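Written below as structure tokens is the structure these notes are about.
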Number of protein chains: 4
Amino acid sequence: MAAPDNKPTSVDSSRAASRCAQVLDAAAECFRLKGFHGASMADISRTAGMSAGHIYNYFDSKDAIIGGIVKRELREIMANIESLEAAPDTFHAMIEHADEGMNRSLDTRSSALKLEVLVESTRNAELATLVHEADRAALARLCELIRKGRGDRPALPEDELFARAELLIATFDGLRIRALRNPQLNQDAILQVLRQQLDRLLND
Amino acid sequence: MAAPDNKPTSVDSSRAASRCAQVLDAAAECFRLKGFHGASMADISRTAGMSAGHIYNYFDSKDAIIGGIVKRELREIMANIESLEAAPDTFHAMIEHADEGMNRSLDTRSSALKLEVLVESTRNAELATLVHEADRAALARLCELIRKGRGDRPALPEDELFARAELLIATFDGLRIRALRNPQLNQDAILQVLRQQLDRLLND
Amino acid sequence: MAAPDNKPTSVDSSRAASRCAQVLDAAAECFRLKGFHGASMADISRTAGMSAGHIYNYFDSKDAIIGGIVKRELREIMANIESLEAAPDTFHAMIEHADEGMNRSLDTRSSALKLEVLVESTRNAELATLVHEADRAALARLCELIRKGRGDRPALPEDELFARAELLIATFDGLRIRALRNPQLNQDAILQVLRQQLDRLLND
Amino acid sequence: MAAPDNKPTSVDSSRAASRCAQVLDAAAECFRLKGFHGASMADISRTAGMSAGHIYNYFDSKDAIIGGIVKRELREIMANIESLEAAPDTFHAMIEHADEGMNRSLDTRSSALKLEVLVESTRNAELATLVHEADRAALARLCELIRKGRGDRPALPEDELFARAELLIATFDGLRIRALRNPQLNQDAILQVLRQQLDRLLND
DNA sequence: AATGAATGAGACTTCATTCAT
DNA sequence: CATGAATGAAGTCTCATTCAT
């Protein structure tokens with residue numbers, strides 16, 4: 001350490017980070033396709049283009065990998081908080097862009113992974129902690145958006161603010177489940193009703 | 001012996017049905033606790049009080065067991081259709097009993113199993129078919145309830161009717177996810193907002 | 001036992017014999033199709049139209065069933081000895097009917113069972129004893145046929161007599177193997193050469 | 001390290017080949033002793049000195065192992081073709097060395113395996129293909145030997161050439177069966193008659 | 001005589017993980 | 001850093017056999 005040459009550590013660590021990311025990407029793909037237990041380390045190593053043994057240089061166990069996936073998501077959420085907080089006229093934007101949000105919810109591939117992780121968190125305390133933490137950050141941010149978005153209208157009681165945020169998220173999360181249970185759901189009709197519901201949640 | 005009535009067949013078949021139910025109960029419990037792939041046939045057989053080998057007299061495979069769980073749920077849903085269809089003043093009842101519905105959604109134990117099955121259906125075509133079929137039945141029933149509940153108000157277009165039903169279910173299903181991601185969610189505050197949302201979905 | 005009524009025992013025992021035969025027939029069919037280890041008692045019971053449990057009233061074990069098959073064959077061979085011993089002009093008949101013998105050897109279905117039993121006898125001492133016993137009876141009979149068939153020609157030394165019989169049987173048994181290894185073998189051409197070989201074995 | 005030559009691949013692949021051979025040897029031994037279905041993967045792994053799981057790095061399944069045995073035999077047969085094709089005065093050699101051939105046929109150990117494989121091929125299409133292919137190669141070679149061995153005598157019709165080859169092989173294969181069915185068979189007397197039969201098959 | 005429920009051992013196979021190289 | 005050989009535990013499922021009825 002502190003060797004005379006300066007590059008190696010930085011190079012190594014950036015290489016390591018990139019290898020880690022490779023693993024996380026591969027694992028996310030595999031978990032989505034086959035589920036956490038259904039995906040083998042061999043699957044992941046193949047997808048990552050790396051020997052299974054080597055993955056253990058970066059992650060202690062298969063559990064640690066799914067933990068890594070959630071941690072990375074958490075980091076991304078945290079990073080996005082600031083950048084997105086500044087947007088003006090939030091409500092109009094949210095309702096206007098409801099279609100994008102809905103489409104994200106109707107993407108069964110991403111939903112499968114999300115639910116996979118959630119279900120697994122039911123049985124893995126460490127994973128649960130990560131999931132809860134990530135959720136708390138996202139929820140807080142959404143509350144803040146709503147508070148700001150209401151502008152000079154009288155402030156909502158904290159409880160109700162959170163309840164609205166919860167139901168807003170619940171609606172989108174619920175659509176994930178709907179998309180999986182009913183592959184023929186009518187997107188256009190839903191979007192219309194969804195917009196009304198959002199409008200009331202935000203503006204009433 | 002030589003008794004005039006020979007019940008054995010009926011006795012046997014009722015015994016078989018009861019053994020089947022034992023397996024399904026045990027499996028549901030195990031899948032909930034450990035997940036479909038995490039729960040072993042040994043776990044299930046232990047919980048069911050029956051040798052693992054014997055379970056295969058009733059179910060062809062582990063897959064068939066989770067299929068059996070969904071089929072049983074479907075039968076229960078179907079059975080409830082008639083009994084619930086006759087209730088008068090549906091909307092008022094639905095909004096009034098929203099707390100019960102919400103509590104069902106916030107029961108993380110039942111949610112874990114429900115999501116487990118749903119996630120597994122992502123990777124098991126036969127299971128997916130069962131899930132979709134059960135969903136179609138439930139959805140149709142809800143639409144009918146809404147149609148009747150609206151009484152002499154102008155009929156909703158079919159599309160919108162379905163969209164409202166979808167969002168109604170989505171809201172409750174979404175709360176399942178919320179309960180898992182945020183164990184501290186404030187039930188009372190949510191109930192209030194939930195009732196408003198339901199009221200609009202049904203009565204607007 | 002020795003009950004005043006006379007029929008039951010005989011009826012029962014004939015019924016038992018018939019049930020036994022059912023099992024042996026079914027087992028022979030199953031072993032032929034799936035092999036001794038590949039055929040399950042469930043397979044046999046299904047084919048025999050009898051519950052698996054009941055089979056154990058007639059046979060102590062699966063091993064005993066294959067033993068029963070060989071014993072039955074042995075009895076049949078023994079029974080045939082006398083009836084066939086009397087035929088006049090044996091050699092001519094044998095060579096003339098070589099085609100029938102060859103066709104029997106080329107029947108892959110019966111060969112599969114025969115080899116199955118033989119191979120199993122390699123690993124089952126009791127079965128081996130039965131096989132050897134049956135073979136000894138058949139071989140002795142064939143030697144006798146040859147001796148008689150040679151009429152007033154000078155008697156062959158015992159050794160050579162047996163050797164000729166061995167090779168005669170070997171030729172037909174070998175054709176069983178050939179039929180399994182080469183499904184396209186040319187029967188007509190073989191028959192011609194076979195006849196010449198038989199002729200020399202018997203008449204030289 | 002940083003040695004100029006990097007042999008690992010070649011070393012590894014030779015190691016892999018040797019491990020494969022270990023498995024095939026062990027499996028051949030186990031199949032011979034207990035039969036294909038009677039021998040467990042645990043038996044094979046114990047005999048091979050290798051964990052059962054590791055065998056699956058080399059063979060996809062137990063079926064693939066018996067297939068590997070046949071493939072290896074086929075390779076050996078093919079390899080011998082050239083080396084043996086060149087021998088002069090084939091017939092005399094064949095008849096002279098009939099004792100060696102007969103002894104091979106009378107080796108019940110090798111016969112048990114050979115028949116085991118043959119019987120299994122009755123129920124395994126892929127294995128059957130391999131067996132037929134190996135047989136075709138061996139048969140063709142024998143025909144060629146006979147054709148050449150006949151020197152300037154008038155050529156045999158193709159049909160008869162094949163028929164003679166078939167019966168030649170059948171005779172030796174039949175002796176395998178004889179050795180198993182009659183452990184007391186008189187080798188010396190048989191050898192004498194066998195030589196006469198061979199002589200006629202080849203020289204007539 | 002006959003059934004079929006029931007078991008427990010054991011079959012093949014997969015897999016997370018370790019370690020020498 | 002990187003590999004892949006290797007393992008041992010565990011998984012699903014089958015099956016010969018027993019026994020109450």
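Quick caveat, the model's predicted, so the values are computed rather than measured. Computation of the quantities below employed the complete heavy-atom set of this structure, encompassing side-chain atoms and omitting hydrogens, waters and symmetry-equivalent molecules. Chain identifiers are assigned alphabetically (A, B, ...) following the order of the sequence lines, protein sequences preceding nucleic acid strands; residue numbering begins at 1 within each chain.
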Original post:
For E/dA1, which nucleotide is its Watson-Crick or G-U wobble mate, given both distances must be under 3.5 Å?
Top reply: none
Subject >> Base partner of F/dG4, which must satisfy Watson-Crick or wobble distances under 3.5 Å >> reply: E/dC19
Subject >> 5′-ward residue of the pair A/M50/D/I55 relative to DNA chain F >> reply: A/M50
**OP:** Pick base, sugar-phosphate or nothing for B/F59, based on heavy-atom distances below 4.0 Å to the nucleic acid.
**Re:** nothing
Original post:
For F/dG4, does either OP1 or OP2 sit under 4.0 Å from a side-chain N or O belonging to D/R19?
Top reply: no
**OP:** Decide yes or no for C/F59 and C/L24: does some side-chain heavy atom of the first lie under 4.5 Å from some side-chain heavy atom of the second?
**Re:** yes
Subject >> Separation of D/Y56 OH from D/I65 CD1 (nearest 0.5 Å) >> reply: 6.5 Å
Subject >> From D/Q22 atom CD to D/H54 atom NE2, the distance as rounded to the nearest 0.5 Å >> reply: 9.0 Å
Original post:
Between F/dT12 atom P and B/I65 atom CD1, what is the distance in whole Å?
Top reply: 9 Å
Original post:
Over how many whole Å does the gap from A/Y58 atom OH to F/dT3 atom C1' extend?
Top reply: 13 Å
Subject >> CG-CG distance between D/L74 and D/L130, expressed to the nearest 0.5 angstrom >> reply: 7.5 Å
**OP:** Whole angstrom is fine here: how far is it from CG in A/N57 over to C1' in F/dT3?
**Re:** 11 Å
Original post:
Could you run down nucleotides 13-21 of chain E 5' to 3' and tag each one B, S or - for protein heavy-atom contact under 4.0 Å?
Top reply: BBBSBB---
Subject >> Point-to-point distance, once rounded to the nearest 0.5 Å, from NZ of D/K71 to CD of D/E133 >> reply: 9.5 Å
**OP:** Grab the CZ-P distance between D/R46 and F/dT7 for me, whole Å please.
**Re:** 14 Å
**OP:** With the side chain counted from C-beta on, respond yes when A/V70 and A/E126 share a heavy-atom pair under 4.5 Å apart, and no when they do not.
**Re:** no
